[in-house]
Chemist: 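I am attaching a structure below and will ask some questions about it afterwards.
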Amino acid sequence: QVQLVESGGGLVQAGGSLRLSCAASGRTFDSYAMGWFRQAPGKEREFVSRISRSGGITTYADSVKARFTISRDNAKNTVYLQMNGLKPEDTAIYYCAATSSVLAVTTSRSYAYWGQGTQVTVSS
């Protein structure tokens, strides 16, 4: 089992950058692939990005490709989401999640563990 705590959200102007962090408890962090999801008001939770257990394989939603970068530091039990070129439509609560699946899963139901979320607001 793993517990996840996100940080780094905030208010930023369009075109700005933020880096989200997700700290995981436990000694088996590198047993999990990690994902970032987001949920805007009135919308369903959507996939943003995923990184494999070793960090060697990354996947992105088309809407964030070339703007966001996911990475992980297994020595620090932390996964990051660097967000550049932020747009108002990126405004949402961002969640990190962990999955034991080795497949490049992008559906929220495939992730067993979730953080509490961090708010990202992008003003125009």
Chemist: Rounded to the nearest 0.5 Å, how far apart are OG of Ser71 and CD of Gln82?
Modeler: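 Here the rounded value is 8.0 Å.
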Chemist: Holding to side-chain contact (heavy atoms from CB on, under 4.5 Å), I want the full list of residues that pass it with Val5, two or more places apart in sequence or in another chain.
Modeler: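 Testing Val5 for side-chain contact (heavy atoms from CB on, under 4.5 Å), a comparison that skips the adjacent residues, returns Gln116.
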Chemist: Using the side chain to side chain contact (heavy atoms under 4.5 Å, CB included) rule, take Gln13 and Leu86 through it: C-alpha gap first, then chi angles, then the decisive distance, then the call.
Modeler: CA-CA 8 Å; Gln13 289 188 334; Leu86 283 162; over 6 Å; no
Chemist: Run the salt bridge (charged side-chain N to carboxylate O under 4.0 Å, His left out) test against Lys65 and tell me which residues pass, sequence neighbours left out.
Modeler: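 Expected list: Asp62.
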Chemist: For Glu89, check salt bridge (charged side-chain N to carboxylate O under 4.0 Å, His left out) against everything at least two apart and list the hits.
Modeler: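 For Glu89 there are no salt bridge (charged side-chain N to carboxylate O under 4.0 Å, His left out) partners, ignoring immediate neighbours.
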Chemist: Taking atom CG of Leu81 and atom OH of Tyr60, what is their separation to the nearest 0.5 Å?
Modeler: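 Spacing of CG (Leu81) from OH (Tyr60) equals 7.5 Å.
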Chemist: For side chain to side chain contact (heavy atoms under 4.5 Å, CB included), just list the numbers for Ile57 and Ile51, CA-CA rounded to whole Å, side-chain angles, deciding distance to a tenth of an Å, and then say yes or no.
Modeler: CA-CA 6 Å; Ile57 300 174; Ile51 189 166; over 6 Å; no
Chemist: For Arg72, give me all partners under salt bridge (charged side-chain N to carboxylate O under 4.0 Å, His left out), at least two apart in sequence or on another chain.
Modeler: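 For Arg72, no residue satisfies salt bridge (charged side-chain N to carboxylate O under 4.0 Å, His left out) once neighbours in sequence are set aside.
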Chemist: If you round to the nearest 0.5 Å, how far is SG of Cys96 from CD of Glu6?
Modeler: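 So the gap between those two atoms works out to 4.0 Å.
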Chemist: Classify the ring geometry of Phe47 against Phe37: parallel below 30°, tilted from 30° to 60°, perpendicular beyond 60°.
Modeler: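 Perpendicular, since the angle between the ring planes exceeds 60°.
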Chemist: Holding to salt bridge (charged side-chain N to carboxylate O under 4.0 Å, His left out), I want the full list of residues that pass it with Arg19, two or more places apart in sequence or in another chain.
Modeler: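 Here no residue qualifies.
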Chemist: Can you tell if the side chain of Ser17 reaches within under 4.5 Å of the side chain of Met83, non-hydrogen atoms only?
Modeler: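 When only atoms from C-beta onward are counted, Met83 and Ser17 do not touch, as no gap falls below 4.5 Å.
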Chemist: Could you go through the side chain to side chain contact (heavy atoms under 4.5 Å, CB included) check for Ser21 and Ser7 one step at a time?
Modeler: CA-CA 5 Å; Ser21 299; Ser7 61; 3.8 Å; yes
Chemist: Only counting residues at least two apart or in another chain, list the ones meeting side-chain contact (heavy atoms from CB on, under 4.5 Å) with Ser25.
Modeler: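 Once residues adjacent in sequence are excluded, the partners of Ser25 under the side-chain contact (heavy atoms from CB on, under 4.5 Å) criterion are Gln3.
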Chemist: Would you check if Arg67 and Lys87 make a side-chain contact, meaning some heavy-atom pair closer than 4.5 Å?
Modeler: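 Touching, per the 4.5 Å side-chain cut-off.
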Chemist: Among all residues two or more places apart in sequence or in another chain, which pass the ring pair (Phe, Tyr, Trp, His ring centres under 6.0 Å) test with Phe68?
Modeler: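 Per chain and number, Phe68 pairs via ring pair (Phe, Tyr, Trp, His ring centres under 6.0 Å) with no residue.
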Chemist: Would you list the atom pairs, donor with acceptor, under 3.5 Å between side chains in residues 117-124 and any protein atom, with sequence neighbours excluded?
Modeler:
from	atom 1	to	atom 2	distance (Å)
Thr118	OG1	Gly9	N	3.2
Gln119	NE2	Ala92	O	3.4
Gln119	NE2	Thr121	OG1	3.3

Chemist: Compare every heavy atom of Ala33 with every heavy atom of Tyr111, then report the nearest pair and how far apart it is.
Modeler: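 Smallest interatomic distance, heavy atoms only, reads CE2-O, 4.5 Å.
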Chemist: Are Val12 and Val48 linked, directly or through other ILVMFWY residues, by side chains that come within less than 4.5 angstrom of each other?
Modeler: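 Hydrophobic grouping puts Val12 with Val48.
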Chemist: Under 4.5 Å between side-chain heavy atoms, counting indirect links through other Ile/Leu/Val/Met/Phe/Trp/Tyr residues: same cluster for Trp36 and Tyr113 or not?
Modeler: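 Yes; Tyr113 is reachable from Trp36 via cluster members.
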Chemist: Please report the closest heavy-atom contact between Ser52 and Gly56, naming both atoms and the distance.
Modeler: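 Closest approach of Ser52 to Gly56, heavy atoms only: OG-N, 3.2 Å.
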Chemist: Strictly by salt bridge (Lys or Arg N to Asp or Glu O under 4.0 Å), give each pair with a member in residues 40-49 just once, sequence neighbours left out.
Modeler: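 Passing the test, one end in residues 40-49: Arg38-Glu46.
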Chemist: Is the backbone of Arg53 close enough, under 3.5 Å, to the side chain of Asn74 for a donor and an acceptor to pair up by distance?
Modeler: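 Indeed, once roles are kept as given, a pair shorter than 3.5 Å links the two residues.
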Chemist: Enumerate the ring pair (Phe, Tyr, Trp, His ring centres under 6.0 Å) contacts for residues 71-101, please, sequence neighbours excluded, ordered by first and then second residue.
Modeler: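 Of all non-adjacent pairs touching residues 71-101, none passes ring pair (Phe, Tyr, Trp, His ring centres under 6.0 Å).
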Chemist: Are Ile93 and Trp114 connected, step by step, through hydrophobic side chains (Ile, Leu, Val, Met, Phe, Trp, Tyr) whose heavy atoms are closer than 4.5 Å?
Modeler: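 Cluster IDs for Ile93 and Trp114 match.
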Chemist: To the closest 0.5 Å, what do you measure between CG (Asn77) and SG (Cys22)?
Modeler: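 It is 10.0 Å, given to the nearest 0.5 Å.
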Chemist: In chain order, what residues pass the ring pair (Phe, Tyr, Trp, His ring centres under 6.0 Å) check against Phe29, with sequence neighbours excluded?
Modeler: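 With neighbours one apart ignored, the set is empty.
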Chemist: According to side chain to side chain donor-acceptor pair (under 3.5 Å), who are the partners of Thr58, at least two apart in sequence or on a separate chain?
Modeler: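 Per chain and number, Thr58 pairs via side chain to side chain donor-acceptor pair (under 3.5 Å) with no residue.
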Chemist: Are the side chain of Ser49 and the backbone of Thr59 linked by a donor-acceptor contact shorter than 3.5 Å?
Modeler: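 Flag set: sc Ser49 to bb Thr59 pair under 3.5 Å.
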Chemist: Output the distance between atom CG (Leu4) and atom OH (Tyr32), rounded to the nearest 0.5 Å.
Modeler: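 With rounding to 0.5 Å, CG (Leu4) is 9.5 Å from OH (Tyr32).
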